[in-house]
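Accompanying notes for the structure given below.
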Amino acid sequence: MRNPEAWVASKYVTRAGALRPATAHQDLSVASRIVGSLVADFYATAVPAYARGHLADLGCGTVPLYGTYRAHVAGVTTVDWPGSVHHAVYTDVFADLGDALPFRDATFDTVLLSDVLEHLPRPERAVGEIFRVLRPGGVLMMNVPFLYPIHEAPHDYCRHTRYSLTMLATTAGFVDVEVTELGDVLDVVADLLAKTALSVPLAGRWIARLVAAVMVRSRRIRGRSAALRRASAAAPLGYGMVARRPS
């Protein structure tokens with residue numbers, strides 16, 4: 001990764017030993033803290049379990065998860081689009097992530113693809129290329145939104161289900177595919193409410209902040225509800241996925 005010594009936390013921060021969404025950074029608005037907390041929880045579990053060796057961070061942006069995976073890997077290569085809207089100070093390689101990746105076969109042990117697949121018009125090509133550049137036994141970690149507003153338009157092409165993600169992974173050759181729902185139906189409603197509240201003059205940001213705080217703090221209690229778990233299987237805020245290239 002370029003300029004690792006200059007890296008600063010952006011979308012996610014570590015507080016009290018836990019990964020949390022940032023509360024004061026332009027890369028994560030106050031209305032996106034609900035989904036940010038869900039993504040943080042997913043990677044806080046996945047990274048220690050799967051990240052190793054040489055990691056490729058595809059669609060890296062400001063490399064928000066670098067602070068989470070850097071202690072678990074031996075090297076990092078960051079990749080982003082040439083026209084990325086994000087600051088490119090940390091990017092090693094500029095490439096079209098929807099086309100052939102500019103790496104040899106079996107280059108990486110781990111690939112991270114966070115909030116990227118929905119922006120690729122040919123996701124099957126992208127997943128196939130990730131399979132190619134992973135070494136045998138290598139792991140793909142990724143997350144995508146599901147019930148979530150259009151973002152980074154016009155380059156927002158689809159919403160994947162657990163079934164399309166599984167199909168993409170297995171068709172490419174991955175095994176041990178694990179897909180996890182991120183959030184429940186209440187998170188979906190609250191996320192839309194928080195984003196809508198931002199348009200309210202004066203009080204909008206405070207409403208969004210309050211909604212996010214209530215939802216994040218109540219998640220452990222809500223997680224005990226079997227009814228919510230069943231409903232959330234059909235209507236999550238997003239998905240996380242881990243898949244392995246066969247040894």
Side-chain angles (χ1 to χ4, degrees), residues 1-14 19 21-22 25 27-28 35-36 39-120 123 125-135 137-145 151-152 155 165 169 172 174 238-245:
M1 185 177 86
R2 289 181 59 208
N3 304 311
E5 70 287 345
W7 181 83
V8 293
S10 53
K11 292 171 70 173
Y12 309 107
V13 297
T14 300
L19 190 64
H25 196 278
D27 283 356
L28 189 71
V35 67
V39 172
D41 288 347
F42 172 72
Y43 285 113
T45 299
V47 166
Y50 298 105
R52 62 181 179 84
H54 192 172
L55 179 146
D57 193 335
L58 304 183
C60 62
T62 56
V63 204
L65 290 163
Y66 178 66
T68 306
Y69 62 65
R70 62 181 170 184
H72 299 277
V73 299
V76 176
T77 296
T78 51
V79 186
D80 212 346
W81 286 277
S84 173
V85 299
H86 303 287
H87 193 38
V89 66
Y90 308 121
T91 305
D92 293 313
V93 178
F94 291 97
D96 182 348
L97 301 178
D99 206 342
L101 295 173
F103 304 108
R104 295 179 179 177
D105 295 357
T107 297
F108 303 106
D109 301 287
T110 311
V111 169
L112 177 70
L113 191 75
S114 180
D115 294 315
V116 174
L117 195 65
E118 70 272 21
H119 301 296
L120 303 180
R125 175 71 184 275
V127 176
E129 277 294 286
I130 290 171
F131 184 89
R132 180 184 67 79
V133 301
L134 274 170
R135 294 179 178 132
V139 170
L140 163 64
M141 297 183 294
M142 61 172 289
N143 72 283
V144 294
H151 55 289
E152 296 192 18
H155 305 295
L165 292 172
F174 284 100
Y239 292 97
M241 185 177 80
V242 174
R244 181 176 61 85
R245 176 170 175 168

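Below, each value reflects all heavy atoms present in this structure, side chains not excepted, and no hydrogens, waters or symmetry copies. Just so we're clear, the structure is a prediction, and the values are computed from it rather than from any experiment. Counting from 1, the numbers follow the sequence of the chain as shown.
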For the [atom1] atom of [X] and the [atom2] atom of [Y], what is their distance to the nearest 0.5 Å?
| X | Y | atom1 | atom2 | answer |
| --- | --- | --- | --- | --- |
| Leu117 | Met241 | CG | CE | 7.5 Å |
| Asp105 | Arg132 | CG | CZ | 5.0 Å |
| Leu140 | Tyr50 | CG | OH | 11.5 Å |
| Leu113 | His119 | CG | NE2 | 10.0 Å |
| Phe103 | Ile130 | CZ | CD1 | 11.0 Å |
| Leu97 | Arg125 | CG | CZ | 12.0 Å |

Let me have the donor-acceptor pairs involving side chains of residues 65-78, under 3.5 Å, with sequence neighbours excluded, atom names and distances please.
residue, atom, partner, partner atom, Å
Tyr69, OH, Asp57, OD2, 2.8
Thr77, OG1, His54, NE2, 2.7
Thr78, OG1, Tyr90, O, 2.6
Thr78, OG1, Asp92, N, 2.9
Thr78, OG1, Asp92, OD2, 3.1

*What residues, two or more places apart in sequence or in another chain, satisfy ring pair (Phe, Tyr, Trp, His ring centres under 6.0 Å) together with Phe42?*
none

*Does the side-chain contact (heavy atoms from CB on, under 4.5 Å) test come out yes or no for His155 and Trp81, once each step is laid out?*
CA-CA 12 Å; His155 305 295; Trp81 286 277; over 6 Å; no

Check [X] against [Y] and note the closest heavy-atom contact, atom names and distance.
| X | Y | value |
| --- | --- | --- |
| Gly137 | Arg52 | O-NH2, 3.1 Å |
| Leu120 | Ala126 | CD1-CB, 3.4 Å |
| Val127 | Ala172 | CG1-CB, 3.8 Å |
| Phe94 | Ala88 | CZ-CB, 3.6 Å |
| Pro21 | Tyr12 | CA-CD2, 4.2 Å |
| Ala95 | Pro82 | O-CD, 3.8 Å |

Indicate yes or no for a side-chain donor-acceptor contact from [X] to the backbone of [Y] under 3.5 Å, with no hydrogens or angles considered.
| X | Y | answer |
| --- | --- | --- |
| Arg245 | Arg135 | no |
| Trp7 | Val63 | yes |
| Asp80 | Thr91 | no |

*For residues Val47 and Thr110, determine if any side-chain heavy atom of one lies less than 4.5 Å from a side-chain heavy atom of the other.*
no

_Sub-4.5 Å side-chain heavy-atom contact between Tyr239 and Asn143_ = no

*Evaluation steps, side-chain contact (heavy atoms from CB on, under 4.5 Å), between Leu58 and Met142*: CA-CA 10 Å; Leu58 304 183; Met142 61 172 289; over 6 Å; no

*For side-chain contact (heavy atoms from CB on, under 4.5 Å), just list the numbers for Asp115 and Lys11, CA-CA rounded to whole Å, side-chain angles, deciding distance to a tenth of an Å, and then say yes or no.*
CA-CA 12 Å; Asp115 294 315; Lys11 292 171 70 173; 3.7 Å; yes

